[in-house]
There are 4 protein chains.
Amino acid sequence: MADSSKPPTKGARTRATILRHAAESFRRDGYDDTTVASIAQKIGISEGTVFQHFGSKSGLLGAVMDEFYAELHATALDIAGSPGDAEQRFRNLIDAWALRAERDWDLIRVFTQRARYGTDPELDARWKEHNRRYTRLHFDLIEQLQAQGVLKDQVPPALIRDIVFGAIEHIALGQDLSPHMEIREKANQVVDVLVAHHAGQPPIDGRLERIERKLDAALGRGDGSVKVMPEGRTGDGSAAERA
Amino acid sequence: MADSSKPPTKGARTRATILRHAAESFRRDGYDDTTVASIAQKIGISEGTVFQHFGSKSGLLGAVMDEFYAELHATALDIAGSPGDAEQRFRNLIDAWALRAERDWDLIRVFTQRARYGTDPELDARWKEHNRRYTRLHFDLIEQLQAQGVLKDQVPPALIRDIVFGAIEHIALGQDLSPHMEIREKANQVVDVLVAHHAGQPPIDGRLERIERKLDAALGRGDGSVKVMPEGRTGDGSAAERA
Amino acid sequence: MADSSKPPTKGARTRATILRHAAESFRRDGYDDTTVASIAQKIGISEGTVFQHFGSKSGLLGAVMDEFYAELHATALDIAGSPGDAEQRFRNLIDAWALRAERDWDLIRVFTQRARYGTDPELDARWKEHNRRYTRLHFDLIEQLQAQGVLKDQVPPALIRDIVFGAIEHIALGQDLSPHMEIREKANQVVDVLVAHHAGQPPIDGRLERIERKLDAALGRGDGSVKVMPEGRTGDGSAAERA
Amino acid sequence: MADSSKPPTKGARTRATILRHAAESFRRDGYDDTTVASIAQKIGISEGTVFQHFGSKSGLLGAVMDEFYAELHATALDIAGSPGDAEQRFRNLIDAWALRAERDWDLIRVFTQRARYGTDPELDARWKEHNRRYTRLHFDLIEQLQAQGVLKDQVPPALIRDIVFGAIEHIALGQDLSPHMEIREKANQVVDVLVAHHAGQPPIDGRLERIERKLDAALGRGDGSVKVMPEGRTGDGSAAERA
DNA sequence: CATGAATGAGAATTCATTCAT
DNA sequence: GATGAATGAATTCTCATTCAT
């Protein structure tokens, strides 16, 4: 998608300029209240030029979408390919999306309205394609995490994806227009809910601590054995029982 | 919600007819591709009449929305007020919504596109109001369930709501146009994910209680720390044990 | 087509006004150089009103065409139904068309260009229907005349129609823009060509008569051989004569 | 007409290619629905190139027309210059045109619509010039045939031309889109109608013969003054009679 | 010769909406 | 309550055409 050759044709530069201004306008005014004329005028080119490059207004939105997802996907690829903890990479992936939603929700909102909730099949198909590619990265990680027991493995990966993305969207939508959205934070919480060892354990943890303290008190001991549940639904406790 | 007066004025009947056809048209063609003229024509009335009754096209959509939510809320009220298990009532509530989504997604889609993703503040406000009223029922139950330990209580109720509804929407959107949508089934799975005793804890809980009781007994104490999960299907095992 | 009820609705009056001005504009500027805007403006109505009444620009042309043919057909019906000589009625019919072509060729030219030579199937169908109805009158007379021997009966009626109308069109086209077109005269000649006893004979006939009379006088004879060709191919008599 | 120089310049080849595709497109889609862009694209050249060669879209149509008439005229010249019967040559000429109409009516239709019924004076002038040159051949033959008595000589040659071509056009137009058009056959019938000895003259002939016989008898002579219609299938009888 | 980019001037529509009757 | 007529503003999109390179 990025042309690595140095000299951008005049056409390519025009194209990029249009794209930039179009995105801005869609963000600010929404799709319906953006007119091709206004974009062209602001750039100082002819209206026809826009149509020559993008064919139609919705084609223009499509191109803006392409660019958005190209960038998003590149970032996501970096994260997914980074070394280290699968869970962390998954969290980073989600966080990257949440960050994006925080920063550019107005644009995402337009994509969503026109492509997914709209009636333009072409645009919808285009969005779906982007999404498939993008979500595949998550999918892979989800499966890995399920294998590791970090994510519950009886939940279909697609459902986990729906929960994460659906919830984030709902959250973003709820905070409509607020300047300081806390989407990232909430997105993180959503992941917490799904990650097994976080999944409501705190209370258990609390109780475990209490119990441990009682035990310690009763037995006169005091070590750090409480970080039980390293992987999730561990039969571990049974070991204690057995004892 | 239901007009208890018996003789529906001629005007009222016209109004109802318009509403019915408008809903149908919105469902089938979406908002933009529905014209007031086409609705009027199909009914055989004048375009002006529609405006007489609803003021504007978006007012008409608003009215369709009102009707939809009136019915939805009535159903929800019934469920919420039904006797029995809070969890079951919660599940029924969610299921009712999922059922609705399965049956009438095309209409919900229009509401969402125009009210939530759209730029009409009035319509959005109207939707928000309906949603608030509707979601309150869930909210209450969520809080109850958290108190009962069925739902993790460290997760803010609003987040749980966002997860449930967001996920369902995502699912519905994904199954676009498919005749046999499995929204209900998936919605149920979403709830499962959120309900604590499915989250891997049950075994732990049972053990914890046992352990704590034993300890208390051993230590000669008897506080109420165990009142956790009064409804949870977990206490059971312990009861058997106690016996 | 003509509404016999007296009070023309306001709508009907508007419609008629549009029609009148549209015809004028099509005549003067042709189809392409006529804009709906200019028509509306000249009348002092909104552009939208024109579209409300006629749906589209080509629908407007269609309506103009309808009116043209309605009038034409009415006239033709009168002529066809008038008492007297079939040949005369046929000639009058053709003459009426030629007169029309002389007076309103600019409009007919537009019909022809758009409906018959154009690419709008709807318009073409509309024209064809009018033409069918109109030409049927000629057809009937042609058949009658063939039965009477006035028109050669070995020529298919449709061909006679094609010759007459085709030739007139060709003539009209050739005299393009000339103010004093002699279409009627030429149309008459075309019919002469087709009518057997006129088929070029008149001048010859005159001479022949003269010659024959002189000869008879010179030879001292005096039979009735001059009533030649009262109906058509009368040469027969000569056989009798010979005898 | 044909470029006798052997090595066609690259430019010339491009020109020819454009011409060929343009003709094809005009035929298939008509003038309005043909875009210069589509032609260029199909050939794989730039839009500008087309304008380089033909100056304008209507210039392109003009060039296509030139080519068409060049070929047509060449054929016609051959026929007109062929040895033998004038009537036969006339018939062949008409037949060649009818054949052309059968084969390439879609293109002729475009010429007619744009040049003769259209509003482009330049194109019309161009067409008229071609037509003049082409029709002159017919004209000459018509006059010859009239002198020979094959065609009625009191009918102006121009009218005969209008009848023939007008009728053929009408016929072609009527058979719209039909795959097996019988234009040639009908065109032949049209000529039959015009050729004297078919046109009801036999009776006149009969009388002329009679008269001549009377004269001969009266004057005691017996020359070949009957040389009228040397080609006509009629003179014969008289010869036989004379014998 | 050829090109690719830019243009620009419409022009036809569409439709929600108003209002007198 | 209902209607029919009129509105009118706003917008997308089309394409032949030009021109610098």
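Every chain is numbered from 1, with letters handed out A, B, ... down the list of sequences. As a basis for the values below, the full set of heavy atoms in this structure was taken, side chains included, without hydrogen atoms, waters or symmetry mates. As the structure is a computational prediction, the values presented were derived from the model and not from experiment.
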Requested in this report: Classify every nucleotide of nucleotides 11-16 of chain E by which part a protein heavy atom approaches to under 4.0 Å, writing B for the base, S for the sugar-phosphate alone and - for neither, in 5'-to-3' order.
Outcome: SBBBSB

Tell me, please, which residues at least two apart from [X] pass side-chain contact (heavy atoms from CB on, under 4.5 Å).
| X | value |
| --- | --- |
| B:Phe54 | B:Arg15, B:Ile18, B:Leu19, B:Val50, B:Leu60, B:Ala63 |
| D:Gln52 | none |
| C:Ala37 | C:Thr35, C:Glu47 |

Report task. Would you mind reading off the distance between D:Ile43 atom CD1 and E:dT3 atom P, rounded to a whole angstrom? Result -> 10 Å

Report task. Could you check D:Val50 against A:Ile45 and say which one's nearest nucleotide on DNA chain E is further toward the 5' end? Result -> D:Val50

**Report entry** Side chain proximity check, A:Lys128 to A:Asp124, heavy atoms < 4.5 angstrom
**Finding:** yes

Taking only distance into account, with no hydrogens and no angle test, what donor-acceptor pairs under 3.5 Å do side-chain atoms of residues 25-33 of chain C form with protein atoms, sequence neighbours excluded?
{"residue": "C:Ser25", "atom": "OG", "partner": "C:Thr34", "partner atom": "OG1", "Å": "3.1"}
{"residue": "C:Arg27", "atom": "NH1", "partner": "C:Asp104", "partner atom": "OD1", "Å": "2.7"}
{"residue": "C:Arg27", "atom": "NH1", "partner": "C:Asp104", "partner atom": "OD2", "Å": "2.7"}
{"residue": "C:Arg28", "atom": "NH1", "partner": "C:Glu24", "partner atom": "OE2", "Å": "3.4"}
{"residue": "C:Tyr31", "atom": "OH", "partner": "C:Ser58", "partner atom": "N", "Å": "3.2"}

Query raised in the report: Can you tell which of A:Trp127, A:Trp105, A:Phe68 makes a ring-ring contact (aromatic ring centres under 6.0 Å, His included) with A:Phe111?
Result: A:Phe68

Query - By ring pair (Phe, Tyr, Trp, His ring centres under 6.0 Å) - contacts of C:Phe51 (at least two apart) - result: none

Query raised in the report: Which residues pass the ring pair (Phe, Tyr, Trp, His ring centres under 6.0 Å) test with C:His21, sequence neighbours left out?
Result: none

Query raised in the report: Which string of ( ) [ ] | and . matches DNA chain E, if you list each base 5' to 3' and count Watson-Crick or G-U pairs only when both distances are under 3.5 Å?
Result: .||||||||||||||||||||

Report summary line: By salt bridge (charged side-chain N to carboxylate O under 4.0 Å, His left out), B:Glu122 pairs with (sequence neighbours left out) none

**Report entry** Contact interval (first through last nucleotide) of DNA chain F with protein chain C, 4.0 Å heavy-atom
**Finding:** F:dA5 to F:dG8

Report summary line: Here the salt bridge (Lys or Arg N to Asp or Glu O under 4.0 Å) pairs for residues 60-70 of chain D, sequence neighbours left out, are D:Asp66-D:Arg126

